[in-house]
Protein chains: 2
Amino acid sequence: MESIKTIEWAAGRVRIIDQTRLPHQRVYLDIRTPQEMVAAIQAMRIRGAPALGVAGAYGLALGGLGIRAGSRAQFLAQLRPIAEELCAARPTAVNLSWGVQRLLAKAEASEYPQVEKLQQLLVAEAQRVQQEDLEANRRLGAHGARLIPQEATVLTHCNAGALATAGYGTALGVLRAAKEAGKALKVYVDETRPLLQGARLTAWELVEEGIPATLIVDSMAGHFLRTGGIQCVVVGADRIAANGDVANKIGTYSVAVLAKENGVPFYVAAPTSTIDLSLPSGDQIPIEERSPSEVTHIGEVPLAPVGVSVANPAFDVTPARYVSAIITEGGIVYPPYEEGLRRICGR
Amino acid sequence: MESIKTIEWAAGRVRIIDQTRLPHQRVYLDIRTPQEMVAAIQAMRIRGAPALGVAGAYGLALGGLGIRAGSRAQFLAQLRPIAEELCAARPTAVNLSWGVQRLLAKAEASEYPQVEKLQQLLVAEAQRVQQEDLEANRRLGAHGARLIPQEATVLTHCNAGALATAGYGTALGVLRAAKEAGKALKVYVDETRPLLQGARLTAWELVEEGIPATLIVDSMAGHFLRTGGIQCVVVGADRIAANGDVANKIGTYSVAVLAKENGVPFYVAAPTSTIDLSLPSGDQIPIEERSPSEVTHIGEVPLAPVGVSVANPAFDVTPARYVSAIITEGGIVYPPYEEGLRRICGR
């Protein structure tokens, strides 16, 4: 996996691996403008909450480089609508706007009068967001590995791996750290319909990593939580409300309920940039509805009769009562979450 | 739907609609031998527990027609291994062996010395199995419709429709009867990976029937049970043990747990031929493991990295404590099931 870069800065452009083509094709795309970044995010060529934080930051850095302005004030006036456009690309993962706002705030707080300096500042800050995410994942992984038994069968949903982050991963970072600590792992991987991030990305990362992985369809998770000797579930998150409610890929709520019903701990692994203390509960998290064609087709293959209605919420909300612990780069937070999440965020 | 026949006797052959080609193509296949029937069953060209009962019966009738024997004893001696072969085609749905054994017992109990008479007897009995299943579904539907509110949003998993039976359906028979009784229905349809019987068959039946259907991926069921105003779940069954444990399509257990967690009644609709009083509990029900390629591919399209392990149990077991009621052609059975199931089976 070390040879695969999810996203990197490359001399005035942002290079991403096109995740819609994985695992069968390794295609890199050069992103040159914020608009191209928005399109790549919406098409899920880059996805995963922490990776979206980095993508948002780089998107704004690209935006800054494209601005022709005679003054600091003009520069910032043109930068702000670009920030808004980037934040609106996808609504659920809070990291996207977190990354964008961090850069915007950095520019606004700086005292550079020269546009060129502001442009350099944005690029440097975006690179810092990327570097910090990688480091956060490694710390998060080390904390989370303590929760994994010496011999463990683990279930995960969607992809919270190197591809969902600047590298190493959140949920998969926990598993990588557990493996590095000498623990023997087996992992059940939910395929994660409709876009199959589990089958295409997580299964691939685990195969590359040499961690034994068994791919299952999503509806088998309950069966194996009941019968498969699973010791814990580890998933990522797209947004965590102040009370510990977790928005994550559609299907996460089901896995959490089934884990609790079978006495299996359910862990959420996410950097603190995923925590949104401005929302009291998960009820306020916006849930993205995506195209029906993601459900009715696989590539060009139609799966359903013409004319059927489709619902396609990309995320669901898992109430905090199903969450055994939240693993962050600052440590592990246990219930009650209101208090623990504020502490870990230094608020 | 009346124009589509799942299975019918056609002058010495059995004609089935190839369910692997639906909904996009309507291809009928002529089955001429028990071996062709076994192959069609294993490839799931015909599937659904009650339909497998009919298919098993017709398979044995075809076997009888193909026997060249000089005596009743020779005929029965050749018939028995054909029955075994048919019963072994798929292990989980008890209706398959129920249909086969019913015909075998009929032949053995008859006193006809002439082979030709025995052959005719088998064909007539197979036709009776088919006719009785259709009638049972209509009675089952009428009983079950009483459980459906006047305006109802219902969730179903897999296909327990006309295509899974001799006609009308079990779970979908309940919905058809509710509609005929003037009730206003909306149905969430789980796509039912890996083979997509929900997307391909149930969604199609409902569209044809004019019942508003919303197709979802399986992992959305929990989300909509929590947020979608669903009043009840209705599913079919492949085998029901004496204690009320239910084997049905993989994913049924998950739906049942999520329904209970959200206070939504979970109903199982199945003819009494699905009840297996010889098994004390669901732990003894054999669960078929099918090919990994069903999970890793859709048609020719690969979904997963080469070399990943796959689990593919075709069914799971829902413990009786999650089942609100079992709807049969003889009436509705409520817990405790030991007693109610014996009564409904006349034992």
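Fair warning: this is a prediction, and the values are worked out from it, not measured in the lab. In the text below, chain A, chain B and the rest are named by the order of the sequence lines, each starting its count at 1.
- For A/Arg200 against B/Leu303, the heavy-atom pair with the smallest separation is CG-O, 3.2 Å.
- The two atoms that bring A/Glu191 and B/Val295 nearest to each other are OE1-O, 4.2 Å, heavy atoms only.
- Using a 4.5 Å cut-off between heavy atoms, B/Val308 touches chain A through backbone and side chain atoms alike.
- Only the side chain of B/Pro23 comes within contact range of chain A, judged by heavy atoms closer than 4.5 Å.
- Top candidate by heavy-atom pairs under 4.5 Å with chain B, chosen from A/Ser254, A/Gly228, A/Gly198, A/Pro194, is A/Ser254.
- With a 4.5 Å cut-off on non-hydrogen atoms, B/Pro212 does not touch chain A at all.
- Chain B forms more heavy-atom pairs under 4.5 Å with one residue of A/Gly307, A/Pro302, A/Pro319, A/Pro292 than with any other, namely A/Pro302.
- With hydrogens and angles ignored, the 3.5 Å screen pairs no side-chain donor or acceptor of B/His223 with any backbone N or O of A/Tyr253.
- Minimum heavy-atom separation, B/Arg193 to A/Ser219: O-OG, 4.1 Å.
- With a 4.5 angstrom heavy-atom cutoff, B/Asp316 touches chain A via backbone and side-chain atoms both.
- Summarising the geometry of A/Val257 relative to B/Glu261, their closest heavy-atom pair is CG1-CG, 3.8 Å, with the distance given to 0.1 Å.
- Your options are B/Glu294, B/Arg226, B/Lys260, and the one with the most heavy-atom pairs under 4.5 Å with chain A is B/Arg226.
- The shortest heavy-atom contact between B/Ala199 and A/Pro305 is O-CD, 2.9 Å.
- By number of non-hydrogen pairs under 4.5 angstrom with chain A, the leading residue of B/Asn312, B/Leu225, B/Thr252 is B/Asn312.
- If you measure heavy-atom distances from B/Val207 to chain A, the contacts under 4.5 Å come from the side chain alone.
- Chosen from B/Leu206, B/Val217, B/Ile298, the residue pairing most often with chain A at heavy-atom distances under 4.5 Å is B/Val217.
- B/Val189 does not touch chain A: none of its heavy atoms, backbone or side chain, sits under 4.5 Å away.
- Atom CD of A/Glu151 has 12 or fewer heavy atoms from other residues, nucleotides or ligands within 6.0 Å.
- Looking at B/Ile250, both its backbone and its side chain come within 4.5 Å of chain A, counting heavy atoms on both sides.
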